[in-house]
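In what follows, chains carry the letters A, B, and so on, assigned in the order in which the sequence lines appear, proteins first and then strands, with residues in each chain numbered from 1. Quick caveat, the model's predicted, so the values are computed rather than measured.
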Amino acid sequence: MSSDETSRNDTPEGYDPRAVQDTWSARWAELRPFRADESDDARERRYALDMFPYPSGDLHMGHAEAFAIGDVRARFWFQRGYDVLHPIGWDSFGLPAENAAIKRDSHPAEWTYANIETQAASFQRYAPSFDWSRRLHTSDPEYYRWTQWLFLRFYERGLAYRKGGQVNWCPNDQTVLANEQVVGGHCERCGWLVEKRVLTQWYFRITDYADRLLDDMDQLEDGWPERVLLMQRNWIGRSTGADVDFVIEGRDAPVTVYTTRPDTLFGATFMVVAADAPLAEEIVAPEQRAAFEAYRDEVSRESEIERMSAEREKTGVFLGRYAVNPVNGERIPVWASDYVLAEYGHGAIMAVPAHDQRDLDFALKFDLPVRVVVETGGPDPVQSGVATPGEGTIVNSGPIEGLTKTDAIPRIIEVLEERGTGKAAVNFRLRDWLVSRQRFWGCPIPIVHCAACGEVPVPDEELPVKLPADLKGADLAPKGTSPLAAAEAWVNVACPKCGGAAQRDTDTMDTFVDSSWYYFRYCSPQYTDGPFDPEAVRRWMPVDQYTGGVEHAILHLLYSRFFTKVLYDLGMIDFTEPFLRLLNQGQVVNGGKAMSKSLGNGVDLGEQIDEFGVDVVRLAMLFAGPPEDDIDWADVSPQGMAKFLSRLHRVAAEVTSEPGTAPAGGDVALRRVTHRTIAEVTTLVDSDRFNVAIARLMELVTATRRAIDGGAGPADPAVREAAETATLILSLFAPYTAEDAWDRLGRRAPVATAGWPSADPALLVQESVTCVVQVAGKVRDRLEVAPDIDAADLERQALASPKIKDALAGADIAKVIVRAPKIVNIVPRR
RNA sequence: GCGGGCGUGGCGAAAUGGCAUACGCGGCAGGUUUAGGUCCUGUUGGUGGAGACACCGUGGGGGUUCGAGUCCCCCCGCCCGCACCA
């Protein structure tokens, strides 16, 4: 006892969480324990993927959390003996590199690759279980060659195309943006207010895949967070209804409108055309033209934010024309307004003010008629100013009179189809993906524009179209058109088709194109006959777990799903969803707020590691709470984590039995704790509950400490078993300490692949369990009983308890509920 | 406005409908120490009680159940997503 006291009072000899790092990282570099094995087909395979970083500087606290979480998953699979693919790479095209190059009068590659080296070195220290041999960078010609190759396959299938039209424009970044990159009217990247411009741009026809992107979500129901699926569903925004043709007086072709409520067609009292739609311009009557143009110009000047505000009062102008309702021949006025969107549906609507709030607001503002055609039991819309969009009985509606909405919709569609004035229709909120960017540091679009031949794809064998090396510094300054246009020698080429003078397309691709397929490339990063080796992809994909931030819920994840479906259609792969499980880690904040320079609350990862060591930072990240929750760094205690690590290390160092000592015959109570911990931690890690798994590990260490200090002593084989188990579990969370403890236990590195312990079922059976005896739901006694005690026996024992007799105080018993062996509840008659 | 999620000690958080608050931080007390720190032990939801113990307690109200933090309904608060998508 006294010797234990002494050793516990000493500073833990030789153990310093920071000191072990250099030793072991050098050793691991020799051992390379995390190489994915291509040769072994017998082992189960797993693909653990982390969202690859953008090389904006050094790694930060957010990376530390995300990669710690992804690494627990990968290390768990390594320990279980699976053949694991856990790669790393860099999403290395993008604007910040360009801005840095302008500032430093250098080439974006310099900044980019210097940052990559910085991050790679930090990763080496942070020690995720990466297979470094598969490292890739999307800005390498060896990579973007295949991005271009894929673009051309899209092009051949009509999935990449150019069109003119209104696009989102970021005035700060001086480039166009995809719809997905406009968040609340602002640029997703830089936060500037987005403007509209009319430009000709490249698009990917993602709308062709809208139905499949929705329907295939069934495959993800169990593996993806519900809210991400929901966000994607909302983003795609499928709605069903009908297209209805309205004749416009004095125009040959009818105008089609889309409605989800064809059952309210008899209540349509006017029509509204989007003010910025060509249709409005075309049909406006001469006497209204001046008023219309004034209105339209006013609308085009207002910001997206103003326009989107639903609170705002409705505005509009009468176009001086009338449409004819196809079901009742009624003549209704046609107006133009900005509350109708040119890009959705047909850019024109039938307005049913009684049953749609927006239409009602408009009708009341401009004194247009309102007709109730659904009796909902609600108040009169004109009197109350509140539309009644709910269910009810259809009235004033000819062939659908008296029906409910559910019955009326198919019936009225039948009527429209018989008359040839309408049909059932589906609409999506999703727009095609705008992929061209007027920036330098991206993947060039492999198309040549020829005066004679038009758009001509660069032949596959001429790929990659490399970025010109001679542009740098001020050449890259944003000017609204691509800086690549300045590289004349690069731009001017012979047309691949006719050989005549032609020009390269000077736009580059959205960097989200690069990141839409990198996880395929990881399967065979050296492959030169295509973007990936189909054999390797069959081996590793789809990804078993994808770890990353929720900020990509619609952008990257939707695009990647789209790419995967196109690759499937190209016959290159045989699955349709790339990521089976998705884990979105929370954010690391400080003092309740996101870390930022302006708040001065940033926490530097490098400094934290210098002060506490990698293992402390990793453990703190994992123990702070569930991985999906935000971590407030102000609330975590690195000192507490350090204390635990040294407790565990000391326990391992104190074990005196020889490695390989059989645990049988050791302290049974400790062995039970060990095996229960194995069973629980296995389940907990499987279900991403790392914080609870670490809590169980702490309990095991405490139990081992007590066994060493108490009866069993440091030589007991059960103590070795417990210490080895704790070390193996720790290897998922704190690899350096685990390795050093493993070494102290006389075992050989690496602990990372030493094998996951398995729980002995015999030791999971409790000798006795505590049964709670309640009277009227309140605990009045506890009994130690055999775990397999039968209900009748347990009931007898419970009723015989003196405490229970006291609590009952002679009352009659109405009922006894027995759930052997855990609980007995005795209900007295009242 | 629509959709979704969440409200548990001083704090981060645990809890297949079955002992609420595991584990950790912080606090308190003690041990070790020249001292401090490290380390070790104990204790720590509230109220009352010297104590055994009793009562109350998971945002508020109601319900289902022998039994509710957990399931259902209403309300309050916070967070997230979408936001004139016809």
Side-chain angles (χ1 to χ4, degrees), chain A residues 4-12 183-185 225-235 237-239 241 257-261 264 268 272 274 307-312 314 337-341 343-352 355-359 361-362 389 427-431 550 553-554 619-620 623-626 628-632 634-644 646-647 650 689 691-699 701-702 705-706 709 770-782 814-819 822-828:
Chain A
D4 292 329
E5 293 293 334
T6 314
S7 80
R8 272 186 280 124
N9 291 331
D10 284 347
T11 324
V183 179
E226 189 51 44
R227 65 170 170 156
V228 174
L229 295 176
L230 207 75
M231 282 165 76
Q232 292 214 0
R233 284 199 180 96
N234 291 340
W235 186 260
R238 178 162 63 193
S239 77
V257 302
Y258 172 73
T259 177
T260 54
R261 292 296 301 278
T264 63
V272 187
R307 206 191 63 72
M308 285 197 315
S309 162
E311 320 294 282
R312 208 187 56 153
K314 292 281 180 286
S337 174
D338 64 349
Y339 86 92
V340 173
L341 307 176
E343 323 88 70
Y344 186 76
H346 305 281
I349 62 155
M350 66 176 211
V352 185
H355 308 297
D356 182 286
Q357 190 60 49
R358 297 154 301 180
D359 296 345
D361 293 343
F362 195 83
N427 247 297
F428 296 93
R429 215 188 84 111
L430 183 71
R431 298 292 132 73
V550 74
I554 21 196
L619 198 66
F623 185 62
E628 302 83 359
D629 289 6
D630 287 352
I631 295 173
D632 194 333
D635 291 333
V636 313
S637 166
Q639 291 83 0
M641 297 301 98
K643 188 166 129 185
F644 167 69
S646 82
R647 270 163 62 86
R650 202 170 329 112
R689 288 147 74 208
N691 56 327
V692 188
I694 293 166
R696 295 291 166 266
L697 173 61
M698 288 171 168
E699 289 172 300
V701 171
T702 300
R705 174 81 266 153
R706 295 213 164 114
D709 296 345
T770 305
C771 176
V772 172
V773 186
Q774 303 177 329
V775 174
K778 291 205 157 91
V779 181
R780 298 299 179 186
D781 198 10
R782 293 180 172 80
K815 202 174 195 179
V816 179
I817 287 97
V818 182
R819 293 283 176 274
K822 304 234 353 170
I823 198 159
V824 177
N825 189 12
I826 300 164
V827 186

Under 3.5 Å for both donor-acceptor distances, Watson-Crick or wobble: does [N] have a partner, and if so which one?
N     : answer
B:C53 : B:G48
B:C82 : B:G1
B:C6  : B:G77
B:C23 : B:G12

Answer yes if the side chains of A:Ser239 and A:Arg429 hold a donor-acceptor pair under 3.5 Å, and no otherwise.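 Looking only at side-chain atoms, A:Arg429 and A:Ser239 do not form any donor-acceptor pair under 3.5 Å.
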
Parallel, tilted or perpendicular, as decided by the 30° and 60° cut-offs, for the rings of A:Tyr344 and A:Tyr258: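 It falls in the perpendicular class, over 60°.
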
A:Thr702 or A:Gly347, whichever maps to the more 5' nucleotide of RNA chain B: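 In this pair, the answer is A:Thr702.
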
Taking the nucleotide of RNA chain B with the nearest heavy atom to each, does A:Val772 or A:Asn825 sit closer to the 5' end?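 Looking at RNA chain B, the more 5' nearest nucleotide goes with A:Val772.
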
With rounding to the nearest 0.5 angstrom, report the CG to NE2 distance, A:Asn427 to A:His346.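 Nearest 0.5 Å value for the CG-NE2 distance: 6.5 Å.
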
Of the candidate nucleotides [options], which contains the atom at the shortest distance from the side chain of [X]?
X        : options             : result
A:Ala695 : B:G81, B:C23, B:A54 : B:C23
A:Lys822 : B:C39, B:G18, B:G24 : B:G18
A:Phe623 : B:A14, B:G24, B:G18 : B:G24

A:Arg705 CZ to B:G42 P: how many Å, rounded?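 Checked: the CZ to P distance equals 13 Å.
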
Are the side chain of A:Asn825 and the backbone of A:Gly777 linked by a donor-acceptor contact shorter than 3.5 Å?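 Yes, the answer is positive, given that a donor and an acceptor are paired below the 3.5 Å cut-off.
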
